[in-house]
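Have a look at the structure below before the remarks.
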There are 2 protein chains.
Amino acid sequence: MPERTFRKDAARNREAVLAAADALFARCERPEDVTMADVSAAAGVGKGTLFRAFGDRAGLLRALYEARLKPVRQAVEAGPPPLGPATPPQERVPALLDAVLCFKLDNRRLALALEESGSGSPYQAEHYERWHRMLQGVLEQIPGLTGSDFTAHALLAATRADLVEHLAGAERVPRERMRAQLTHFVTGVLASGHAGEE
Amino acid sequence: MPERTFRKDAARNREAVLAAADALFARCERPEDVTMADVSAAAGVGKGTLFRAFGDRAGLLRALYEARLKPVRQAVEAGPPPLGPATPPQERVPALLDAVLCFKLDNRRLALALEESGSGSPYQAEHYERWHRMLQGVLEQIPGLTGSDFTAHALLAATRADLVEHLAGAERVPRERMRAQLTHFVTGVLASGHAGEE
DNA sequence: GAAGATACGGACCACGGGTCCGCTTTGCAA
DNA sequence: TTGCAAAGCGGACCCGTGGTCCGTATCTTC
């Protein structure tokens with residue numbers, strides 16, 4: 001099997017960088033003033049090492065994001081209801097979006113950094129594609145609901161990192177209130193398929 | 001009145017810069033590779049002039065955007081239905097969002113440039129605030145609809161420049177189809193307030 | 001037309017992402 | 001244990017970009 005074997009020091013440094021970046025992004029105010037040099041310095045590593053390990057800034061962000069996202073992904077792909085695949089669509093869609101929202105609330109700076117510095121639009125990122133496909137798939141199982149492709153985009157747009165950041169930061173909307181509002185909104189969208197039918 | 005009087009050459013140069021930037025953004029593929037030096041060169045003007053006239057990159061973008069947006073704003077604030085204030089809310093909300101969408105379709109690159117280079121999140125821009133206030137105000141006139149603040153944000157999020165760009169560019173969704181989908185989505189959201197009442 | 005204010009413009013600066021290459025470490029094999 | 005590629009290291013370096021500065025040119029006013 002072609003699974004590359006990594007040298008011990010390379011692996012150690014990779015972890016150090018990941019940990020340092022994590023800490024820096026958590027602490028900082030705006031993600032763009034965590035510089036690559038900062039990260040490498042905080043990790044006690046040269047810039048060259050950092051760039052060889054992750055390719056570029058976007059690569060580092062992606063790696064961090066993916067690592068943090070892993071538990072959520074697993075819960076969605078093979079976990080118990082209300083996130084897992086056994087959930088009826090009507091319930092699962094709000095649960096999915098709530099999970100996304102919570103994730104972004106818990107990782108505000110990181111999500112922000114990824115979306116804005118992610119080398120172009122966030123819509124090219126594979127993790128966005130994954131969410132979109134998943135959501136669209138579930139939406140399609142809801143009878144009477146049309147335009148699942150656009151609907152999935154629109155619903156995900158309501159959880160964009162910078163919007164979340166704005167609401168949580170500038171408008172000081174408390175976490176639970178925000179979750180309730182999003183859920184209410186999503187539920188409304190799902191119900192709308194049936195609204196005009198009577 | 002304290003209305004500063006501008007020197008003739010200053011005014012001329014300002015216009016030249018605006019026109020040049022407009023052309024460059026319209027032509028380019030990705031907005032971030034229109035550089036300030038490019039703009040000043042295309043306008044036949046020094047960089048100093050450009051920066052004195054507009055402050056910084058975001059200032060230039062904002063000025064351009066505002067200029068383009070003016071007709072739409074007027075139509076919204078004092079025009080005939082379905083955009084103007086005389087329109088019943090149920091109709092006006094989709095019309096407003098359709099107008100935003102069309103504007104972003106017609107000015108893809110510019111809107112993109114402004115949202116991503118706009119010195120931080122787009123949610124701090126005053127034009128966003130204006131749209132949001134307006135939309136929220138109209139939403140509040142719709143009986144049975146709650147959470148107008150969040151709903152306004154969520155609906156506007158569905159017209160984000162990079163989403164529009166993604167759909168129009170990568171997914172090749174035709175203009176009319178996109179408008180129809182957005183309108184359908186918006187109408188659904190509005191109807192949802194009444195869905196659970198019977 | 002002279003004088004003061006205003007604007008011009010391009011050389012210049014700071015800074016951040018990303019590269020390069022001589023040196024070190026590691027891991028395998030004899 | 002020792003030898004020796006190969007893999008990895010790291011910080012000096014490069015480059016492009018936004019933004020500044022100031023001597024010079026242009027406008028306005030009297």
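Throughout, a chain's letter reflects where its sequence line sits, starting with A, and its residues are numbered from 1. Note that these values count all heavy atoms, side chains included, but never hydrogens, waters or copies made by symmetry.
If you check residues 9-17 of chain A against DNA chain D, the residues with a heavy atom closer than 4.0 Å are A/Asp9, A/Ala10, A/Asn13, listed by number.
We find that CG of A/Asp38 is positioned 12 Å from P of C/dC15, with the value rounded to whole Å. Between A/Asp33 atom CG and C/dA14 atom C1' there is a gap of 16 Å when expressed in whole angstrom units. Residue A/Glu32 contributes atom CD, which lies 14 Å from atom C1' of D/dG18 at whole-angstrom precision. We find that CE of B/Met36 is positioned 10 Å from P of D/dT20, with the value rounded to whole Å. One atom, CZ of A/Arg30, and another, P of C/dG16, lie 11 Å apart when rounded to the nearest Å. What separates NZ of B/Lys47 from P of D/dT17 is a distance of 10 Å, to the nearest Å. Separating the CZ atom of B/Phe6 from the P atom of D/dT28 is a distance of 13 Å, rounded to the nearest angstrom.
Phosphate proximity of D/dG18 to B/Thr35: present, with a side-chain N or O under 4.0 Å from OP1 or OP2. The phosphate of D/dG10 (OP1 or OP2) has a side-chain N or O of A/Thr49 nearer than 4.0 angstrom. In terms of phosphate contacts, A/Arg52 brings no side-chain nitrogen or oxygen within less than 4.0 Å of OP1 or OP2 of D/dG8. Under 4.0 angstrom from either OP1 or OP2 of D/dG10 there lies no side-chain N or O belonging to A/Ser40.
The side chain of B/Lys8 approaches D/dT28 more closely than any other nucleotide in the set D/dT28, C/dG9, D/dG18. Closest contact between the side chain of B/Arg57 and the listed nucleotides C/dG17, D/dG18, D/dG10 involves D/dG18.
Annotation: A/Tyr65 is in aromatic contact with A/Phe103 [ring centroid separation under 6.0 Å].
Residues A/Val164 and A/Met178 are in side-chain contact: their nearest non-hydrogen atoms beyond the backbone lie under 4.5 Å apart. Taking 4.5 Å as the limit, every side-chain heavy atom of A/Lys70 sits out of range of all side-chain heavy atoms of A/Arg73.
A salt bridge links A/Arg130 with A/Glu66: the distance from a Lys NZ or Arg NE/NH1/NH2 to an Asp or Glu carboxylate oxygen falls below 4.0 Å. At a threshold of 4.0 Å, the pair A/Arg30-A/Glu165 does not count as salt-bridged, since none of the basic side-chain nitrogens sits closer than that to a carboxylate oxygen. Salt bridge A/Asp106/A/Arg68: absent, no basic N to carboxylate O contact under 4.0 Å.
Sequence order on DNA chain D of the closest nucleotides to A/Gly48 and B/Phe51 puts A/Gly48 first from the 5' end.
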Grab the N/O contacts between the protein and nucleotides 1-6 of chain D below 3.5 Å, and write none if there aren't any.
none

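For A/His166 and B/Tyr128, the side-chain atoms include no donor-acceptor pair closer than 3.5 Å. A donor-acceptor contact closer than 3.5 angstrom is absent between the side chains of B/Gln181 and A/His153.
Judged as a salt bridge (charged side-chain N to carboxylate O under 4.0 Å, His left out), not a single pair has a partner in residues 11-20 of chain A (not counting sequence neighbours).
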